[in-house]
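Worth knowing before you read on, the calculation uses all heavy atoms, side chains too, and leaves out hydrogens, waters and symmetry mates.
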Amino acid sequence: MTARGLLPEFSPTVLAEVDGLHGPAQAADDPSVRDLRSLLWASIDNDDSRDLDQLSWAERVAGDAIRVLVAVADVDALVRDGSAIDAHARVNTTSVYTAARIFSMLPERLSTDLTSLNDDEDRVAMIVEMTVGRDGALRSSDVYRGRVRNRAKLAYNGVAAWLDGHAPAPAPIAAVPGLDDALRLQDEAAQSLRALRHIHGALTLETIEARPVFDGEKVSGLEVQERNRAKDIIEDFMVAANGVTARFLAERNLPSIRRVVRTPKRWDRIVSLAAEHGVALPAEPDSKALDAFLVRAKAADPQRFPDLSLTIIKLMGAGEYTAELPGAPVEGHFGLAVKDYAHSTAPNRRYADLITQRLLKAALAGRPSPYNGDALVAIAEHLTAAEDAANRVERQVGKSAAALLLDDKIGQQFEAFVTGASDKGTWVRLIDMPVEGRVEKGAKGLDVGDRTRVRLLSVDVDRGFIDFENLDRAAV
């Protein structure tokens, strides 16, 4: 982290500021903060998550629509702009999740306690309200502040198994009368939102995420994290809430930090890959046509679909942050098929969301933006650079863990596909094991998406290096 300009530790000044906090924000005497504690709020996150950024709730309303509320932790209530805590968060811009340790953007007393939407605790939150029609269209939306209370801390896998009919309701759901119905309504609304996005060209992508499993100091395996129905609920609500937030600021003539994924840089290669699968894509980038190809490919070969998804993601290029100023043209998110997208739903973990929260509060109070245009442009550029640095740290530590796992497999052969090919080098990912490494011999002629066979040459655990030799083409 230090080598990439990130701060692995909190300074004494930051820790002193945290020690000076006497409890969570209350706002009980602010009439603009609505009391929503009676609603059946619940959080759905990873089994081991302790920094809870969002709660959600839903009810059926007139016309067979569903009213969805998303509560986002009011981190700005305790992390003030210009404070030492804020200065640390501004440097790192995100929590860094590695196999060895989590480097939180905020001190844990904040992110897992005072600004976390913990169960059975009263908290202040930013509320995004959305009324979702049966067709997935938003009939109305609003943003305001509220007081909430988490009734059930739920985990993705348990909720998904229950929704799919594979297991009984998790104990926290069964313990709260009516929560099961509210969650089923959330599932229904999320599916409608997702279906409409795909009609507009949102991409069907499914990558493999692996978490190292340790047996003492030894890496014993890589545990694959799979998508499920509960994760889809949260993803769909967050995409919708981020869109509402962006439009809310734009309608009030305030700037925002947007998350964009531009038109794919290597559309020609995507067209070639589709042709190899018997599908003809247009010469110009078309998200609807690309999604139709992806849906067809998933149905034809679901086991290998994550490999294809990763290839498409690599060819589309990385997302980035931009400053959207009033009156300026707006760039969209190609992969999500949305035009308005501002990160706003994870302020304990991402600095962009904390910036958005401050802009929202200015909008609600009728105040001008707390950041001028030049400041937001500089912040957006730093957010992109710091996120890239954090991703590189996570990848390097992940590769170190993978290198530990492969340490006794030098000389063995593996089926692989190419995930990256440029002047900087060529990388492959193993088919039967979610491990990526560099092709040090025989890389000439390989391109993203190619299938090949490789031999493991060497590993360097300290640097996270995994080197292969390509066997299917002559070494150069």
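Within the 4.5 Å cutoff, side-chain heavy atoms of L183 are placed close to those of L154. Using a 4.5 Å heavy-atom cutoff, the side chains of H88 and M105 are not in contact. The closest side-chain heavy-atom distance from R149 to D120 is below 4.5 Å. You'll find the side chain of V428 stays beyond 4.5 Å of the side chain of T419, heavy atoms only. In this structure, M433 and L405 have side chains that are in contact, with non-hydrogen atoms separated by less than 4.5 Å. Taking the side chain as every heavy atom from C-beta outward, L55 and V70 never approach each other to under 4.5 Å. The closest side-chain heavy-atom distance from R194 to E235 is below 4.5 Å. Counting only heavy atoms from C-beta outward, the side chains of P8 and T2 approach each other to under 4.5 Å.
Pairing each heavy atom of F10 with each of L106, the nearest pair is CZ-C, 3.4 Å. For the pair V33 and R147, the tightest heavy-atom approach, listed with the atom from each and the gap, is CG1-CG, 3.6 Å. The two atoms that bring A73 and L52 nearest to each other are CB-O, 4.3 Å, heavy atoms only. Contact record, P370 with A362: CD-CB, 3.9 Å, taken as the closest heavy-atom pair. The two residues D113 and R123 have their closest heavy-atom pair at O-NH2, 2.9 Å. Pairing each heavy atom of L193 with each of G136, the nearest pair is CD2-O, 3.4 Å.
In terms of modelled atom types and a separation under 3.5 Å, the side chain of S11 and the main chain of V14 share a donor-acceptor contact. Side-chain N or O atoms of D407 include none that pairs as donor or acceptor with a backbone N or O of A403 at under 3.5 Å. Remark: the backbone N or O of S38 is paired with a side-chain donor or acceptor of R151 at under 3.5 angstrom. Put simply, the side chain of R252 gets close to the backbone of F248: a donor and an acceptor are under 3.5 Å apart. Of the possible polar contacts, one joining the W41 side chain to the L36 backbone as a donor-acceptor pair under 3.5 Å is found. Remark: the backbone N or O of I66 is not paired with any side-chain donor or acceptor of R139 at under 3.5 angstrom. No donor-acceptor distance shorter than 3.5 angstrom exists from the side chain of T426 to the backbone of S422, with no hydrogens or angles considered. Put simply, the side chain of T98 never gets that close to the backbone of V397: no donor and acceptor are under 3.5 Å apart. No donor-acceptor pair closer than 3.5 Å links the side chain of R4 to the backbone N or O of A390. Not a single donor-acceptor pair under 3.5 Å links the side chain of N92 to the backbone N or O of T94.
Here the rule is salt bridge (Lys or Arg N to Asp or Glu O under 4.0 Å) with E324, and of R258, R247, R259 only R258 fits it. Each of V143, V72, V128 was scored for a side-chain contact (heavy atoms from CB on, under 4.5 Å) with L360, with one residue passing: V143.
Salt bridge annotation for E17-R80: absent, with no cationic side-chain nitrogen under 4.0 angstrom from a carboxylate oxygen. Salt bridge annotation for D81-R90: present, with a cationic side-chain nitrogen under 4.0 angstrom from a carboxylate oxygen. Ion pairing between E108 and R50 holds under the 4.0 Å rule for side-chain N and carboxylate O.
Two rings, from H382 and Y351, have their centers 6.0 Å or more apart.
H343 and Y321 have perpendicular rings, their planes meeting at more than 60° on a 0 to 90° scale where under 30° would count as parallel.
Taking OG1 of T384 as the reference point, atom CD of E320 lies at 5.5 Å (rounded to 0.5 Å). Rounding to the nearest 0.5 angstrom, the gap separating the CD atom in E440 from the OG atom in S458 is 7.5 Å. Residue I379 holds its CD1 atom at 11.0 Å from CG of D374, rounded to the nearest 0.5 Å. Rounding to the nearest 0.5 Å gives a distance of 6.0 Å between CG of L21 and CG of L114. R392 contributes atom CZ, which lies 9.5 Å from atom NZ of K399 (distance to the nearest 0.5 angstrom).
Residues that satisfy the salt bridge (charged side-chain N to carboxylate O under 4.0 Å, His left out) test with D353, not counting sequence neighbours, are R350. D53 is linked by a salt bridge (charged side-chain N to carboxylate O under 4.0 Å, His left out) to R349, counting only residues two or more places apart in sequence or in another chain. Not counting sequence neighbours, the partners of R145 by the salt bridge (charged side-chain N to carboxylate O under 4.0 Å, His left out) test are D30, D74. Remark: E129 pairs with R67, Y144 by the side-chain hydrogen bond (donor to acceptor under 3.5 Å, both in side chains) rule, at least two apart or across chains.
Applying the side chain to side chain donor-acceptor pair (under 3.5 Å) rule to pairs touching residues 169-193 yields S56-Q186, R60-E188, D187-Q191, D187-R229, sequence neighbours excluded.
A donor and an acceptor atom, one from each side chain of T115 and N348, are located under 3.5 Å apart. Between the side chains of N118 and N150, not a single donor N or O lies within less than 3.5 Å of an accepting N or O. Checked by atom type, the side-chain pair S95/S104 shows no donor-acceptor distance below 3.5 Å. Looking only at atom types and distance, the side chain of D51 has no donor-acceptor partner in the side chain of T112 under 3.5 Å away. T245 and S344 are linked by a side-chain donor-acceptor pair at a separation below 3.5 angstrom, with hydrogens and angles left out of the test.
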Tabulate below the donor-acceptor pairs under 3.5 Å that side-chain atoms of residues 461-468 make, not counting sequence neighbours, or state none.
{"residue": "R463", "atom": "NE", "partner": "D460", "partner atom": "OD2", "Å": "3.0"}
{"residue": "R463", "atom": "NH2", "partner": "D460", "partner atom": "OD2", "Å": "3.3"}

* Step by step, work out the side chain to side chain contact (heavy atoms under 4.5 Å, CB included) result for Y156 and D45. => CA-CA 6 Å; Y156 290 128; D45 214 313; 4.2 Å; yes
